[in-house]
K.L.:
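Below: one structure in structure tokens.
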Amino acid sequence: MSYRVLKFGGSSVASATAMSRVLDIVEKEAQKGTVILVSSAISGCTDALLDGGPKAIKEMQKRHQDIVKRLFTGEEREEIQARIDGLFRELAVTPNDEQVTFGELLSTTILAAKLQQEGYNAKWLDSRKLVVKDNQEETYRRIKEAVEGAEIYIAPGFICQDAAGKVSTLGRGGSDFSASLFAAAVKAESLQIWTDVPGIMTANPKQVPQARTIPTMTYNAALQMATCGAKVLYAPTVAPAMEAGIDIEIKNTFAHDGKYTVIGKEGPKGWIGVASQADTITVVGSGADGVPRAEKALLTEGISALSIRETEAGVELKVRQKVLEQALRALHRAFFQELPTAEIGLFIAGDGAVAHALYNMIKSAAENVEARTGKRLTIVGKANSKRYGIDLTGYPVINTQGSYVDAIINVAPKGSIFVDCTNSETLYKRYTDLLEAGIGVVSSNRRSFAVPYPEFAAMHAAARENGVPLRYETTVGAALPILESISRGANSSDEVTSIEAVVSCTLNQILGDYLPGRESFASMVRRAQEAGLTEADPRMDLGGKDALRKLLILSREAGVRLEEKDVKVEPVIPADAFKGSVEDFYAALEAYEPELARKADAANAKGERLRFVAYLRKNGKSYEAGIGIRSVAPEHPAYYLRGTENAIIVRSAFHPYPLVIQGPGEGAREAASSILNDILR
Ligand code: ASP
Ligand code: MG
């Protein structure tokens, strides 16, 4: 005779619908062998019996009667209803400490009646007479004797008798244990615990939504999970099944064919899952790095453990109740959600403000980045304009002379990225070599992309053909997602009809603050230069060269093959002033003050403001482009720019209103953040 023991928990029998589901499962199993169905009380019933008071008990009576009403009709319904009412009358005169045993009597009475009605040779077993607390041998003897002749047995879980023969229980959650005892007694072929979650999971899914089912685990791992607080299984359940060599399957009543757990002799080693009880969390399992890994995981959330130690079960730690769930999630992430880590080696060039901001940012953000994206960033190369250092283990020191790029091409592992934070005019000539060697290029150096269009196009072709990234979002508007937004439009064939870019931070700020008669324009530029807000040579800013480069990049991103010669540049002051020395330039600028004042006064008189604008405009079939000072009215998006803000205004054929991107357009930190995002994209 082969037996199959199926245990159903409280939520699996909570309603008529739930019970029907149980009966379906049982009937299917009955085709494979004799079924012993062990059931809990309907959900909430044990609690109500323990301390619910008369009102809660009345409610329970009604819930049971409702189930009966829906499962039975006619005479049978009346008969079962009478039996349920009878049990409630008996309950009323039962000593308090025994009342708790009625929940399982009620649920199994209904289940047995239903199976009998359906024509099964189904027999109800009185667990109070069969299960003797703390006496396994006697329990097994009585169970073996009791199972004789029926197709399906229905036994209440949880309840038993004690050594003196008095009615008792196996403890809260004890129905699982009942099922294991029945299974061991009859040497069952299958022991199935049906519950409301898909097996034992890596965490309680109510606390950690990312928890996933553990498909197989050893008896010992299951025991540890249960002992440390995993509510899905009552810990004493494991021993009888283990001794009898029976696998325990933990299944979900509400998704028959879904994921489940098999507990048996075999199972994975290492970290199993995380469980908690009151303020104590245990990462169950074993591994060399448990404590530091747990500490690191909590640290990323700013949580410090009140105590942490290794135990036989795994890593045990206590945290304040308030942060318990947060800690559970952090630990789960660190131990069970690890994304496959991709190593990205970074070869950085440059030692200016941007490079240093990037070093600092990577140092402080790398851990977080790895947790969020699964990408581990390691700086493996550094260089200034004269020397370089490469160390693939992550501690490069700048001390070698020679070609940095050649050295990189020789040693770079796949997936490496070259990061150009320099202002070099010539470094771009090596981009193609790097890209062809399978090394990605991320650059904040806008000079590299304002080169003649054929060279620009060749770099892109090399990146495309070698399947490696070439990104330079930083080159226009620092951290603002400008290039990406433009290329998105271009990719979807939304034709750009105009771009206006207010992208010269220095000039914006000076023009914004400039008030004729208060301080001369020249003096303001000088102060900006002293404060490090201009390029080293302020003529770069005032001559429009920087804005010109940005305009070339913007236009090319929009698919327009703009060259420098196509752009009509109107410098802030006449071109002659740009010859000679910087001091000559300041003198010329001072002499030009009346003309600038006149422009500013004219703008003010109209209620407008001066802005330095680079533009690209569709004119018939071609485009025209230019750079110069414009007077903008309040309805223009650039009117309200503050400080060093940038704005770019893109109009397209498809949309009546422009796309406007506005925000901080400058700063080493912004640039570093933009580079970092390009690296991770
Ligand atoms: N009904 C009992 C309890 O709630 C036993 C069980 O459900 O396993 O603790
Ligand atoms: Mg239970």
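Indexing begins at 1, ligand by ligand and atom by atom, following the structure's order. Owing to the predicted nature of the structure, the values given are computational and were not obtained by experimental measurement.
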K.L.:
Check whether any side-chain heavy atom of L115 lies under 4.5 Å from a side-chain heavy atom of E27, and answer yes or no.
P.N.:
yes

K.L.:
Is there any N or O on G173 that sits under 3.5 Å from an N or O of ligand 1?
P.N.:
yes

K.L.:
Can you check salt bridge (Lys or Arg N to Asp or Glu O under 4.0 Å) on D66 and K62, steps first, answer last?
P.N.:
CA-CA 6 Å; D66 285 346; K62 173 149 184 342; 3.0 Å; yes

K.L.:
Should K7 be counted as touching ligand 1, given the test is an N or O pair under 3.5 Å?
P.N.:
no

K.L.:
For ligand 1, which atoms have a heavy atom of R172 less than 4.0 angstrom away?
P.N.:
3 (C), 4 (O), 9 (O)

K.L.:
Which distance, rounded to the nearest 0.5 Å, do you find between the CG of N220 and the OG1 of T227?
P.N.:
9.0 Å

K.L.:
Closest by any non-hydrogen atom to atom 6 (C) of ligand 1: pick that one out of S175, G9, S178.
P.N.:
S175

K.L.:
Against heavy atoms of S40, which atoms of ligand 1 measure under 4.0 Å?
P.N.:
6 (C), 7 (O), 8 (O)

K.L.:
Step by step, would you call V369 with L680 a side-chain contact (heavy atoms from CB on, under 4.5 Å)?
P.N.:
CA-CA 9 Å; V369 163; L680 294 170; 3.7 Å; yes

K.L.:
Is any side-chain heavy atom of L111 closer than 4.5 Å to one of W124?
P.N.:
no

K.L.:
Output the list of atoms in ligand 1 that are nearer than 4.0 Å to some heavy atom of G174, sorted by atom number.
P.N.:
5 (C), 8 (O)

